[in-house]
There are 2 protein chains.
Amino acid sequence: MRINKLTDYGIVIAVHIASDGPERLHTAREIAAGTRIPQPTVTRLLKQLARSSILTSTRGASGGYSLAQPPEAISVARLVETLEGPIALTECSGTVCDCALEGDCATEVPWQTISLAVREALDTVTLADMVRPSLTPPLVPLGGIRA
Amino acid sequence: MRINKLTDYGIVIAVHIASDGPERLHTAREIAAGTRIPQPTVTRLLKQLARSSILTSTRGASGGYSLAQPPEAISVARLVETLEGPIALTECSGTVCDCALEGDCATEVPWQTISLAVREALDTVTLADMVRPSLTPPLVPLGGIRA
DNA sequence: GGTAATTTGCACTAAATCAGTCCTATATAA
DNA sequence: TTATATAGGACTGATTTAGTGCAAATTACC
């Protein structure tokens, strides 16, 4: 019931960029120093985020990374899905299920529903919400979960 | 972003009991045969569920396990928390946070909110919902998530 | 009273996953 | 041309997880 540490790092990195000039170019080294995440790891995550068009990269000297969209447009759900694949709490809550349990896999449908609910919860939180949290709404209600 | 396989198994076991006579006594062997989960694993999980009073155990010959409460009263959230600890998507979304990231750990509060939302989503689904899903409400709306 | 069935609790091992590192190629500014 | 960056892939070590095994305690039944 945890997200990967790498995913966590990836989000920290994205938040760092968002909070420190989302359009400015940030190098891997600078981000590593700013977040205290080991640089090779930062490098790897930045590549991954750039490949999925969450960041834009500029190669060469004085290159770096910046957000491809404004922080409000990038949800935590998207970051999680990019960094660790579809949000599915169990193996059988995705599209395929080849488990041998219980023959008819009675729990499959409920898990799909649960996973969807989790996904939508993550979808309501954006990078903008993660930056310097205001401790007041808009974040706290989190989109009306649990009315 | 997955629950443990063991947690998944534990839920399958609970569902199995709930759907096959929640008050009858079920032995570890019988459950292993019914769910096709290896018996030693079943044994371990049953112990764990009994210790947290989700199941009641009867020792000795012709003993076994049964649900301690009706299926409607046992939520998936409770099973998950029993089997793998508090629902916290990141290390820092619980009570303590000794990470060295970002000094002030700006993302901590949002993660607490997210984790709470996930927890409440899991709290609205009970064992009764997992048994032989009806494919019609009450399950599908899932307690009004994402109104 | 003894025996078989069953839960209890702990310790251990093997396997899978994850985090982290390194190297080489490519692109660009100065 | 050189220094600075990103791009991509392969590799390794460590941590976690899944699964197993064994001895003790408890109870039904003969």
Side-chain angles (χ1 to χ4, degrees), chain A residues 1-13 17 24-68 80 82-85 88-91 99-101, chain B residues 1-13 17 24-33 35-68 80 83-85 88-91 99-101:
Chain A
M1 202 66 224
R2 287 271 168 92
I3 58 169
N4 288 349
K5 216 171 176 182
L6 284 177
T7 303
D8 191 6
Y9 287 168
I11 294 174
V12 168
I13 289 171
I17 296 177
R24 215 187 80 218
L25 287 182
H26 299 255
T27 67
R29 174 191 309 206
E30 175 210 316
I31 293 171
T35 59
R36 301 182 201 174
I37 300 170
Q39 174 162 355
T41 301
V42 169
T43 297
R44 227 176 69 132
L45 289 167
L46 285 171
K47 290 175 202 169
Q48 218 175 329
L49 292 173
R51 229 178 324 180
S52 34
S53 304
I54 290 171
L55 303 180
T56 44
S57 64
T58 307
R59 299 176 69 158
S62 81
Y65 297 89
S66 59
L67 289 189
V80 170
T82 292
L83 294 169
E84 63 179 46
L89 264 59
T90 63
E91 278 183 50
C99 69
L101 302 176
Chain B
M1 201 66 221
R2 286 270 169 92
I3 59 170
N4 289 349
K5 215 170 176 185
L6 284 177
T7 303
D8 192 6
Y9 286 169
I11 294 173
V12 168
I13 290 172
I17 296 177
R24 215 187 79 219
L25 287 183
H26 299 255
T27 68
R29 172 189 313 205
E30 175 209 317
I31 293 171
T35 60
R36 299 181 205 173
I37 300 170
Q39 174 161 353
T41 301
V42 170
T43 297
R44 229 176 66 135
L45 289 168
L46 286 170
K47 292 175 202 169
Q48 218 175 328
L49 292 174
R51 231 178 320 181
S52 34
S53 304
I54 290 172
L55 303 179
T56 44
S57 65
T58 305
R59 299 178 67 161
S62 81
Y65 297 89
S66 59
L67 288 190
V80 170
L83 294 169
E84 64 180 45
L89 266 57
T90 63
E91 278 184 48
C99 69
L101 302 176

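Here the structure is a predicted model, which means the values were calculated and not measured.
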| Would you say a side-chain N or O of B:Y65 is under 4.0 Å from OP1 or OP2 of C:dT8? | yes
| message | Does C:dA5 have OP1 or OP2 under 4.0 Å away from a side-chain N or O of B:T27? | response | no
Nearest-Å distance, [atom1] ([X]) to [atom2] ([N])?
X     : N      : atom1 : atom2 : value
B:L46 : D:dT20 : CG    : P     : 15 Å
A:Q39 : D:dA7  : CD    : P     : 14 Å
A:L55 : D:dA5  : CG    : P     : 17 Å
B:H26 : C:dT7  : NE2   : P     : 12 Å

| query | Between A:I3 and B:R44, which has a closest nucleotide on DNA chain C that is more 5'? | reply | B:R44
| Given that B:R29 and B:R51 both sit by DNA chain C, which one's nearest nucleotide is further toward the 5' end? | B:R29
Just to be sure I understand the rule, does [X] reach a base, reach only the sugar-phosphate, or reach nothing, if contact means heavy atoms closer than 4.0 Å?
X     : result
B:K47 : base
A:P40 : base
B:T43 : base

| What nucleotide among D:dT6, D:dT17, C:dA29 has an atom nearest to a side-chain atom of B:N4? | D:dT17
| Ignoring hydrogens and angles, does a donor from either the side chain of A:R59 or the base of D:dA5 sit under 3.5 Å from an acceptor on the other? | no
| query | Do A:M1 and B:N4 pass the side-chain contact (heavy atoms from CB on, under 4.5 Å) test, and can you show the C-alpha distance, the side-chain angles, and the key distance before you say yes or no? | reply | CA-CA 7 Å; A:M1 202 66 224; B:N4 289 349; over 6 Å; no
| Mapping B:T41 and A:A61 to their closest nucleotides on DNA chain D, which lands nearer the 5' end? | A:A61
